[in-house]
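Below: one structure, written as structure tokens.
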Amino acid sequence: MRRMLEATVRGRTIRAVTLSGLRLREPVAPSLPRRLRGRTIAGLGRTGKYLLVDLDGGLTLLSHLGMSGRWLFFPAAPPDALEHVHARLAFTDGAQLWFQDTRRFGLLRLVRTAALARDPALAALGPDAVAEPPTGATLHGLARGATPAVKSFLLDQRRIAGLGNIYASEILHRAGVDPRRRAGSLGADEWERVAGAVRAVLGEAIGLMGTTFSMYRTVWGEPGGFGERLRVYDRAGAPCRACGTPVRRIVQGQRSTFYCPACQPRSRPRGRARSAGTGTS
DNA sequence: ATCCTATCCTGTAGGC
DNA sequence: TGCCTACAGGATAGGA
């Protein structure tokens with residue numbers, strides 16, 4: 001989304017902003033329209049799942065899509081009727097940018113750019129999965145002693161920022177790691193495979209402009225291209241694209257997890273031979 | 001400190 | 001058709 005907005009709205013000047021008045025994850029400040037009016041979008045940034053719309057004058061619009069949020073760009077006439085639109089930014093050249101969010105778990109918050117890093121939403125985030133992709137050794141160190149399942153571990157934004165429920169399942173499938181394993185139990189070789197899968201999955205998904213299995217759309221209203229490339233997510237009962245075994249769905253931390261029981265075996269496939277230490281007792 | 005659950009909200013799909 | 005439950009891309013407050 002950051003890249004798409006960079007290509008569409010950077011450099012445009014805001015003429016007017018209107019709000020729905022409905023509460024999102026938190027109330028949207030009623031002062032937002034007044035504070036945004038007349039400002040030019042200087043650039044687009046991102047940390048984890050937070051989008052940063054940098055404006056001239058030292059302000060940044062911090063935004064999060066939650067589960068169902070969308071930014072929609074209209075170069076000229078926007079649609080007559082569209083439900084669940086909570087902010088409409090009209091630019092001086094006639095283009096518009098709308099924030100639509102059916103479930104209202106999203107976020108729109110205006111902050112001073114200089115204080116951005118201290119904003120509570122960003123301060124607790126771990127290194128960004130794309131900007132600072134973790135090495136296997138980094139992940140291994142972060143997971144030392146961690147008892148949650150590796151799937152839940154990957155979703156924890158305080159350790160690595162930016163991975164969500166779809167990509168967590170896809171990453172573990174590509175890495176050949178069972179999502180039920182406790183994070184602290186993975187070996188260095190397995191974390192290396194996870195680290196490689198983080199880069200591979202995110203790189204490919206971003207290149208294809210995101211993942212649509214249902215409602216997600218690009219800023220131009222098109223489905224993202226990665227949905228067709230999903231190997232396990234939302235494919236319960238369907239054959240694994242690698243080996244044909246039916247994909248399983250389980251629930252971890254109230255979130256669905258999808259995995260292939262053959263490609264992601266419960267125990268480590270290599271190192272079957274017992275270590276030399278066994279005979280010493 | 002760490003881990004886990006319930007909760008916020010609306011829409012849709014599937015079973016009966 | 002209508003009614004019911006389960007589930008959907010996330011973060012977080014609060015209890016164990």
Side-chain angles (χ1 to χ4, degrees), chain A residues 1-2 4 20-28 46-51 62-72 81-86 99-109 119-126 128-130 142-172 179-185 201-202 205-206 208-219 221-237 247-258:
Chain A
M1 297 301 288
R2 191 206 68 77
M4 293 182 250
S20 71
L22 294 180
R23 180 197 174 92
L24 302 181
R25 183 203 303 182
E26 66 185 24
V28 181
R46 180 195 58 80
T47 302
K49 300 174 189 173
Y50 289 87
L51 178 72
L62 180 65
S63 117
H64 194 296
L65 299 177
M67 297 279 259
S68 57
R70 293 175 182 170
W71 284 105
L72 294 170
L82 194 57
E83 290 192 302
H84 308 298
V85 178
H86 300 102
F99 184 74
Q100 181 187 40
D101 184 5
T102 303
R103 294 179 67 186
R104 297 199 268 132
F105 295 156
L107 175 74
L108 293 174
R109 182 194 293 169
D119 189 284
L122 300 184
L125 296 180
D128 182 80
V130 173
L142 281 173
R144 189 152 295 138
T147 57
V150 58
K151 157 65 162 28
S152 301
F153 176 89
L154 291 178
L155 289 180
D156 186 346
Q157 305 296 299
R158 296 168 305 182
R159 310 204 218 232
I160 299 294
L163 301 180
N165 203 40
I166 296 174
Y167 298 134
S169 280
E170 293 296 310
I171 285 163
L172 290 175
R180 299 167 295 180
R181 299 266 307 282
R182 290 182 185 276
S185 76
V201 169
L202 293 183
I206 290 168
L208 292 169
M209 293 198 291
T211 304
T212 299
F213 71 87
S214 173
M215 300 300 288
Y216 163 79
R217 293 294 183 277
T218 69
V219 298
E222 302 288 338
F226 196 72
E228 301 163 23
R229 308 281 266 269
L230 293 173
R231 300 191 183 179
V232 287
Y233 188 84
D234 201 29
R235 299 192 65 245
V247 170
R248 283 188 193 160
R249 173 187 178 272
I250 58 174
V251 175
Q252 298 180 289
Q254 285 106 245
R255 315 295 304 279
S256 285
T257 300
F258 298 88

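By convention in this document, chain letters (A, B, ...) are assigned in the order of the sequence lines, proteins followed by strands, and residues within each chain are numbered from 1. On a predicted model such as this, the values are computed, not experimentally measured, just so you know.
Scanning for ring pair (Phe, Tyr, Trp, His ring centres under 6.0 Å) contacts around His64(A) gives Tyr50(A), with sequence neighbours left out.
First and last contacting nucleotides of DNA chain B toward chain A (any atom under 4.0 angstrom from a heavy atom, 5' to 3' order): dC3(B) to dG11(B).
When each of Glu83(A) and Pro148(A) is assigned the nucleotide of DNA chain B with its nearest heavy atom, Pro148(A) is the one assigned upstream, toward the 5' end. Annotation: of the two residues near DNA chain C, Ala121(A) and Met67(A), the 5′-most nearest-nucleotide partner is Met67(A). Mapping Met215(A) and Ala146(A) onto DNA chain B by nearest heavy atom places Ala146(A) at the nucleotide closer to the 5' end. Nearest-nucleotide assignment on DNA chain C puts the 5′-proximal partner with Tyr216(A), out of Tyr216(A) and Pro120(A).
Residue-level contact check: Arg25(A) touches the backbone only, with heavy atoms under 4.0 Å from sugar-phosphate atoms and none from bases. At a threshold of 4.0 angstrom between heavy atoms, the contacts of Ser256(A) are confined to the sugar-phosphate backbone, with no base atom among them. Base engagement by Ser214(A) is indicated by at least one non-hydrogen atom pair under 4.0 Å involving a base atom. Among the atoms of the strands shown, only primed sugar atoms or phosphate atoms (P, OP1, OP2) are found under 4.0 Å from some heavy atom of Arg249(A). Contacts of Thr147(A) with the nucleic acid, taken as non-hydrogen atoms under 4.0 Å apart, involve only primed sugar atoms and P, OP1 or OP2.
Proximity of residues 153-165 of chain A to DNA chain C (heavy atom under 4.0 angstrom from any strand atom) is restricted to Gln157(A), Gly164(A), Asn165(A).
For the pair Arg103(A) CZ and dA11(C) C1', the interatomic distance rounds to 12 Å; values are reported in whole Å. Here dG10(C) presents its C1' atom at 12 Å from CZ of Phe213(A), a figure rounded to the nearest Å. Rounding to whole angstrom units, CG of residue Asp119(A) and P of dT12(C) are separated by 10 Å. Atom P of nucleotide dG10(C) and atom NE2 of His64(A) are separated by 8 Å, given to the nearest angstrom.
Between Asp101(A) and Gly106(A), the closest heavy-atom pair is OD2-N, 2.8 Å.
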Where each pair must be Watson-Crick or G-U wobble with both distances under 3.5 Å, what dot-bracket representation of DNA chain B is obtained, with crossing pairs in [ ] and other-strand partners as |? .|||||||.|||||||

Show which side-chain atoms of residues 144-155 of chain A pair as donor or acceptor with protein atoms under 3.5 Å away, not counting sequence neighbours.
| from | atom 1 | to | atom 2 | distance (Å) |
| --- | --- | --- | --- | --- |
| Lys151(A) | NZ | Asn165(A) | OD1 | 2.8 |
| Lys151(A) | NZ | Ser256(A) | O | 3.4 |
| Lys151(A) | NZ | Thr257(A) | OG1 | 3.0 |

What side-chain donor-acceptor pairs closer than 3.5 Å can you find for residues 223-232 of chain A, not counting sequence neighbours?
| from | atom 1 | to | atom 2 | distance (Å) |
| --- | --- | --- | --- | --- |
| Arg229(A) | NE | Glu204(A) | OE2 | 3.0 |
| Arg229(A) | NH2 | Glu204(A) | OE2 | 3.0 |

